[in-house]
Trainee: 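The following block contains the structure, expressed as structure tokens.
For the numbers below, each heavy atom of this structure counts, side chains included, while hydrogens, waters and symmetry mates do not.
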Amino acid sequence: MNPSPGLIKGALRADAAPPTGEAPGTDPQFVVEDLLDRFGARAALMIPIPYGVWLDPRNAGPLVSAMNQYFIDEWLSVDPRFRLNACVFPVDVEEAAAEIRKRAADPRVAGIFMPLISTLMGDVHYDPIYRAAAENGLPIVIHPTGAEGTYPIAPPLAGGVPSTYTERHIGLCQVAAANVISLVGGGTFDRFPDLKVVFAEYGYTWAAPLMWRMDHEASRLATGLERHPIEYMIENIRYCSQPVEEPTRPREMVQMVEMMGGDQTLMFSTDYPHWDTDNPSSILGNLKGELRNRVFYENARETFAGRL
């Protein structure tokens, strides 16, 4: 569908707007009807993205905490299938860890969304956040926010600031790949072996070549790691399908999913209500049988510790 007009609504589907005329994705009951009921969803895990926190990081903690409470009060009560990735902002890691422990008591909170800053994720700066998440069995979820390459403390893109939206959209996988390398190389999963990190909306076809490159280099260089990089990438890191990067020859897509260990690592996502929402009834149609079941349900159920 064509994006609806306007600065705020420009990235959203016009047909996802509720009858009230509000912006797409703002009416929980309409989302139930338009997405959950329409496609027979068993669970819907939300990623609320805060805007502007990079401009005022000193007040980001209270802002994201209030946003979490809003979704708990106004969304999770509407349908039992709704689940929340509670947001934390990682500048003040102790404040973020306290927010994780506070929200973990609610079984409807299934994960922790951490907007990225310019410090790579393998840095020990984040350890209090990872410790709180791991202790409560909550995965850390990463998702593009619009801040990449824009604000001083937001993550940069390789080579500089892109000149067009298309260039930026294509290049976002750089952010994910750099942070996967940092998490593995920085020993995060040696310190927190039960931690899961989910990369949502960065695509996934880059994962298999990165696995091979990291394992190859680790065989030649001293890493100080307890295991091979590919083992961490299969056991501790997860990827979401959106945007699906489908080749012209369908079999190649299935092969890529298999090469990245997709029966464990890949999870379906919609990106609803954005303009490039993926329809669960038609996307990834070449995945069959148990592999399809793993990608569309079981991997997420296991990753989010049965909270879905």
Side-chain angles (χ1 to χ4, degrees), residues 8 12 22-32 35-36 41 43-117 121 125-147 151 153-154 195-201 238 240 269-274 300 303-308:
I8 296 176
L12 306 178
E22 299 295 323
T26 58
D27 183 330
Q29 187 56 54
F30 184 75
V31 173
V32 168
L35 183 65
L36 276 63
L45 184 55
M46 299 181 290
I47 306 177
I49 299 176
Y51 289 96
V53 289
W54 296 266
L55 297 174
D56 189 8
R58 294 170 298 176
N59 294 315
L63 186 152
V64 298
S65 183
M67 183 181 72
N68 291 336
Q69 193 61 51
Y70 166 81
F71 277 93
I72 289 170
D73 293 342
E74 302 296 330
W75 282 73
L76 299 186
S77 60
V78 171
D79 192 285
R81 292 170 290 181
F82 279 135
R83 293 293 185 271
L84 178 67
N85 282 302
C87 185
V88 298
F89 196 66
V91 170
D92 186 332
V93 292
E94 296 299 337
E95 182 178 50
E99 181 72 6
I100 292 171
R101 294 186 172 97
K102 174 182 176 180
R103 301 304 177 185
D106 190 329
R108 300 169 299 176
V109 173
I112 301 300
F113 171 50
M114 189 175 78
L116 291 178
I117 57 176
M121 293 179 69
H125 165 83
Y126 298 99
D127 279 7
I129 293 176
Y130 299 154
R131 183 174 296 108
E135 287 173 355
N136 289 281
L138 295 173
I140 298 292
V141 178
I142 310 302
H143 185 288
T145 62
Y151 299 125
I153 66 168
L195 181 68
K196 297 288 191 297
V197 178
V198 178
F199 287 87
E201 207 185 324
R238 299 291 180 263
C240 291
S269 61
T270 65
D271 198 33
Y272 181 94
H274 284 170
T303 298
F304 292 96
R307 291 194 178 208
L308 295 185

Trainee: Over all heavy atoms of both residues, which pair between A305 and G137 is shortest? Give the atoms and the distance, please.
Mentor: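 Of all heavy-atom pairs spanning A305 and G137, the closest is CB-O, 3.7 Å.
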Trainee: Nearest 0.5 Å, please: how far is CZ in R131 from CD1 in I129?
Mentor: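 So the CD1 of I129 and the CZ of R131 are separated by 11.0 Å.
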Trainee: When rounded to the nearest 0.5 angstrom, what distance separates CZ in R58 from CG in L63?
Mentor: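 Here the rounded value is 13.5 Å.
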Trainee: Search all heavy atoms of C240 against all heavy atoms of V198 and return the closest pair with its distance.
Mentor: SG-CG1, 3.8 Å
Trainee: Can you check whether C87 reaches P48 side chain to side chain, under 4.5 Å on heavy atoms?
Mentor: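 Side-chain contact under 4.5 Å: no.
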Trainee: Tell me the closest heavy-atom pair linking P57 and V91, and the distance in Å.
Mentor: CB-CG2, 4.1 Å
Trainee: Verify, without hydrogens or angle tests, whether R307 (side chain) and V109 (backbone) share a donor-acceptor contact under 3.5 angstrom.
Mentor: yes
Trainee: Are side-chain heavy atoms of M46 and F82 found at a separation under 4.5 Å?
Mentor: yes
Trainee: Take the angle between the ring planes of Y130 and Y126 and call it parallel below 30°, perpendicular above 60°, tilted in between.
Mentor: parallel
Trainee: For R83 and A110, work out which heavy atoms get closest and say how close.
Mentor: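 Minimum heavy-atom contact is CB-CB, 4.3 Å.
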Trainee: Between S77 (side chain) and D73 (backbone), is there a donor-acceptor pair under 3.5 Å?
Mentor: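 Judged by distance alone, yes, a pair lies under 3.5 Å.
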Trainee: How long is the straight-line distance from CZ of R103 back to CD1 of I72, given to the nearest 0.5 Å?
Mentor: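 That separation rounds to 4.5 Å.
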Trainee: Looking only at heavy atoms, what is the nearest atom pair of K102 and S65, with distance?
Mentor: NZ-OG, 4.0 Å
Trainee: Take atom OH in Y151; do more than 12 heavy atoms of anything else shown fall under 6.0 Å from it?
Mentor: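 At most 12 heavy atoms, drawn from other residues, nucleotides or ligands, come within 6.0 Å of this atom.
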Trainee: Locate the shortest heavy-atom distance separating P128 from A97; write the atom from each residue and the value.
Mentor: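 Heavy atoms of P128 and A97 come nearest at O-CB, 3.6 Å.
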Trainee: Determine, stepwise, if the pair I49 / Y51 fulfils side-chain contact (heavy atoms from CB on, under 4.5 Å).
Mentor: CA-CA 6 Å; I49 299 176; Y51 289 96; 4.2 Å; yes
Trainee: First locate atom OG1 of T303, then atom CG of L138, and finally report the distance between them rounded to the nearest 0.5 Å.
Mentor: 12.5 Å
Trainee: Go through the steps to decide whether L76 and F71 satisfy the test side-chain contact (heavy atoms from CB on, under 4.5 Å), and finish with yes or no.
Mentor: CA-CA 6 Å; L76 299 186; F71 277 93; 5.7 Å; no
Trainee: Could you give the distance from CH2 (W54) to CG (L116), rounded to the nearest 0.5 Å?
Mentor: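 Here the rounded value is 8.5 Å.
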Trainee: Please check: side-chain N/O of N68 versus main-chain N/O of A86, any donor-acceptor pairing under 3.5 Å?
Mentor: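 Pair absent, no side-chain N/O of N68 close to backbone of A86.
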Trainee: Flag the pair H274 / P24 as yes when at least one side-chain heavy-atom distance between them is below 4.5 Å, and no otherwise.
Mentor: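 Of all side-chain heavy-atom pairs linking P24 with H274, none is under 4.5 Å.
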Trainee: Could you walk me through whether F199 and R238 pass the side-chain contact (heavy atoms from CB on, under 4.5 Å) test, one step at a time?
Mentor: CA-CA 6 Å; F199 287 87; R238 299 291 180 263; over 6 Å; no
Trainee: Would you compute the distance between atom CE of M114 and atom CZ of F89 and round it to the nearest 0.5 angstrom?
Mentor: 10.0 Å
Trainee: As a quick check of understanding, evaluate side-chain contact (heavy atoms from CB on, under 4.5 Å) for V197 and M121, giving each step before the final call.
Mentor: CA-CA 10 Å; V197 178; M121 293 179 69; 3.9 Å; yes
Trainee: Any side-chain to backbone donor/acceptor pair from T270 onto Y272? Under 3.5 Å, distance only.
Mentor: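 Yes, the answer is positive, given that a donor and an acceptor are paired below the 3.5 Å cut-off.
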Trainee: Report yes if some heavy atom in the side chain of D79 is under 4.5 Å from a heavy atom in the side chain of P28; otherwise report no.
Mentor: no
Trainee: Quick one: which of V64, L45, T145, V88 gives a side-chain contact (heavy atoms from CB on, under 4.5 Å) with F113?
Mentor: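 Single side-chain contact (heavy atoms from CB on, under 4.5 Å) partner of F113 among V64, L45, T145, V88: T145.
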